[in-house]
Protein chains: 2
Amino acid sequence: MPKATPVTRNDVAQYAGVSTAVVSYVVNEGPRRVAPETRERVLEAIRVLGYRPNATARALRMGTTRTFGLITPDGGNPLFAELAKAIDKEASARGYVVLQTSADGDPVTEQAKIAELLIRQVSGLLLVAPTEDPDLTEVGIPVIAINRVLPTVSSVRPQYRAGARAGVKHLIEHGHRTIGLVIGGRGTGGRAPERELGWRDALRQAGLEDGPTARARFSRQGGYDAGKELLAATKRPTAIFASSDLQAVGVLRAIHEAGLRVPDDIAVLAFDGTAETEYSWPPLTVVRQPLDRMAREAVSRLIDGEDAVQSLTYPTDLILRKSCGC
Amino acid sequence: MPKATPVTRNDVAQYAGVSTAVVSYVVNEGPRRVAPETRERVLEAIRVLGYRPNATARALRMGTTRTFGLITPDGGNPLFAELAKAIDKEASARGYVVLQTSADGDPVTEQAKIAELLIRQVSGLLLVAPTEDPDLTEVGIPVIAINRVLPTVSSVRPQYRAGARAGVKHLIEHGHRTIGLVIGGRGTGGRAPERELGWRDALRQAGLEDGPTARARFSRQGGYDAGKELLAATKRPTAIFASSDLQAVGVLRAIHEAGLRVPDDIAVLAFDGTAETEYSWPPLTVVRQPLDRMAREAVSRLIDGEDAVQSLTYPTDLILRKSCGC
DNA sequence: AGCACGCTAGCAAGCGTTTTCCAGACCGGT
DNA sequence: ACCGGTCTGGAAAACGCTTGCTAGCGTGCT
């Protein structure tokens with residue numbers, strides 16, 4: 001069993017017959033020049049000794065950990081998992097590493113996790129779909145919200161409204177006149193969710209009335225219940241727009257169980273566009289969130305800084321598959 | 001904009017009129033007693049000043065970061081996402097935090113990520129389904145492999161063989177006589193994968209011949225291709241056992257596209273049991289990996305230590321849904 | 001009265017880095 | 001010869017924390 005081998009920079013210095021400062025210069029490839037042969041000796045020592053720099057010491061000295069904190073409501077949710085992956089990719093590419101954790105959609109857990117991450121001295125915080133407005137007054141590090149706008153920090157999110165509008169418009173072009181809506185989450189403070197707005201936009205633009213709506217949690221089960229609700233509506237929709245993939249999958253199940261066919265009897269459109277939707281039956285037509293671009297921008301803002309607090313939105317992609325009737 | 005406010009333990013000590021040591025004693029609730037009134041004064045100072053301990057300094061001094069490194073082949077894979085969530089939950093409960101990253105199934109990326117995490121001084125390493133046998137000779141910290149056994153470290157994994165056997169046995173009890181197999185990954189070093197073994201066990205036990213098999217990547221696309229392959233087999237199976245959820249979903253699609261019905265024409269059984277399978281159409285009967293138990297044990301071994309290197313296996317759950325014909 | 005001990009709190013070393021400041025060596029130019 | 005400049009390397013402080021050691025001081029026991 002390999003015993004702990006804390007070979008420090010001191011050992012390297014000694015072995016190479018130089019001072020610790022010199023070792024520092026060579027491992028950091030800093031502005032300081034060091035004679036080629038000395039450098040070689042140090043490199044050799046590092047190799048032989050199997051020296052690995054200690055990032056915590058470095059962090060203490062430098063005051064930065066090159067580590068991000070990422071909090072999602074639920075790491076098991078495919079959307080957040082894909083987002084986390086995109087963020088990890090961006091962060092890795094720039095030498096950062098990410099501490100990821102779930103808040104379970106609970107404000108106090110969320111606040112506790114934020115505190116924990118701050119203690120860990122993260123260099124930046126990514127809050128995915130945070131619950132309430134978390135207390136960010138004393139964080140002292142850059143924070144960016146994803147998929148939700150917060151009062152005091154910048155945010156990135158898809159163009160929910162325009163994306164929803166485009167998707168529903170597509171449904172209308174397929175000839176649908178009664179289009180139901182599965183809308184997510186608990187009423188977000190009176191303000192109608194953007195996806196609902198987009199749905200209505202498209203309807204109005206075509207001179208159509210609102211179809212039936214059902215409110216549901218952002219889960220497959222929620223979508224399933226909402227789907228059943230919509231199917232039982234007095235004016236049964238011929239198409240349903242679900243605010244999330246998870247809900248759409250639930251809706252699909254409700255439709256199947258009712259013995260109806262997609263898209264022949266009812267078309268379905270989902271917002272998000274995670275991998276799961278490509279292999280549902282039928283494959284779902286989706287409005288895809290540009291996760292990669294959002295991740296890139298979020299990470300970049302954390303690292304490169306930003307001139308001002310702003311909410312950035314990103315255009316979505318309408319991906320046509322079978323569930324809309326294409 | 002909140003400026004960086006590095007209020008240190010020195011400030012607290014000064015404000016409370018005590019030495020820094022005392023502050024340390026109270027924040028750590030350590031073995032050292034401090035007079036109640038002094039403690040109150042310190043607590044008050046901490047509150048007023050908004051002091052937050054610096055974990056990197058603590059880590060440097062103590063030699064432990066209370067941080068784990070978690071490497072999965074793909075953070076976007078729902079199985080790994082659910083596993084990561086379970087690990088995060090366990091770790092959080094014990095005051096640890098986890099650095100999560102993906103290796104993309106690439107051995108050199110994997111090795112690089114391991115190195116990066118070691119530099120970060122993680123207190124333990126969780127390797128999920130690592131690629132080759134990574135070089136673990138000089139890590140100096142506890143490592144545990146998940147879902148794969150590695151030569152030099154302990155591992156936790158589901159009872160692949162027994163689980164597969166139980167699942168296939170169930171298929172046989174439904175009357176199936178020709179049961180196909182979708183097996184994952186590239187030939188793992190000559191040794192037949194455990195799930196394949198379990199499948200064959202059940203078949204033999206019932207006096208049945210092997211059904212057709214198809215090798216595929218652990219992805220929906222891979223499962224889809226394999227599904228088509230199996231459907232075209234000279235002796236078409238009446239049931240298919242897929243080594244993973246992802247593959248099963250692909251198989252489902254292949255079956256649907258062929259105009260066949262599940263489970264009437266062909267039954268399907270999947271290994272893994274992620275949430276996605278509950279809402280596929282039809283809902284998939286699955287052999288579920290006990291992710292929570294595995295996560296708990298893995299984390300516990302990392303924190304509490306272990307007496308010896310061993311490979312732990314955990315019984316799976318057979319969850320009966322529609323795809324098997326139940 | 002003397003002493004040992006328990007309780008509380010302070011001092012200071014040290015964890016592994018980075019970085020500032022300085023020192024020596026060498027060079028070319030006067 | 002001397003001086004200024006360039007190049008290379010070393011000494012040491014500081015980052016914020018933990019902890020062993022020490023000290024002051026009441027209290028109870030002999």
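By convention in this document, chain letters (A, B, ...) are assigned in the order of the sequence lines, proteins followed by strands, and residues within each chain are numbered from 1.
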Distance in angstrom units between B/E40 CD and C/dT8 P, rounded
15 Å
Rounded to the nearest Å, what distance is computed from the CG atom of residue B/N10 to the P atom of nucleotide D/dA14?
12 Å
Taking atom P of D/dG9 as reference, at what distance in whole Å does atom CD of A/E37 sit?
8 Å
Under 4.0 Å from OP1 or OP2 of D/dT8: is there any side-chain N or O of A/R33 that close?
yes
For B/Q159, enumerate each residue passing the side-chain contact (heavy atoms from CB on, under 4.5 Å) test, keeping only those at least two apart in sequence or located in another chain.
B/A162, B/T313, B/P315
So, are A/R301 and A/E297 salt-bridged, with charged N and O less than 4.0 Å apart?
yes
Test ring pair (Phe, Tyr, Trp, His ring centres under 6.0 Å) applied to B/Y51 - qualifying residues, sequence neighbours left out
none
Can you check the A/R66 CZ to C/dT17 C1' distance for me, whole Å?
15 Å
In whole angstroms, the gap separating P of D/dG20 from CG of B/N28 amounts to 13 Å
Test side-chain contact (heavy atoms from CB on, under 4.5 Å) applied to A/Q100 - qualifying residues, sequence neighbours left out
A/L70, A/A84, A/V98, B/Q100
Tabulate below the donor-acceptor pairs under 3.5 Å that side-chain atoms of residues 73-81 of chain B make, not counting sequence neighbours, or state none.
| unit_1 | atom_1 | unit_2 | atom_2 | d |
| --- | --- | --- | --- | --- |
| B/D74 | OD1 | A/K85 | NZ | 3.0 |
| B/D74 | OD1 | B/G76 | N | 2.7 |
| B/N77 | OD1 | B/L79 | N | 2.8 |

Between C1' of D/dG10 and CD of A/Q14, the distance in whole Å
15 Å
Each nucleotide in nucleotides 10-16 of chain C should get exactly one letter: B, S or -. Can you fill that in based on protein heavy atoms under 4.0 Å?
BB-BBBB
Show me the donor-acceptor pairs, under 3.5 Å and distance only, between side chains in residues 36-44 of chain B and residues at least two apart or in other chains.
| unit_1 | atom_1 | unit_2 | atom_2 | d |
| --- | --- | --- | --- | --- |
| B/R41 | NE | B/A16 | O | 2.9 |
| B/R41 | NH2 | B/A16 | O | 3.3 |
| B/E44 | OE1 | B/R47 | NH1 | 2.7 |

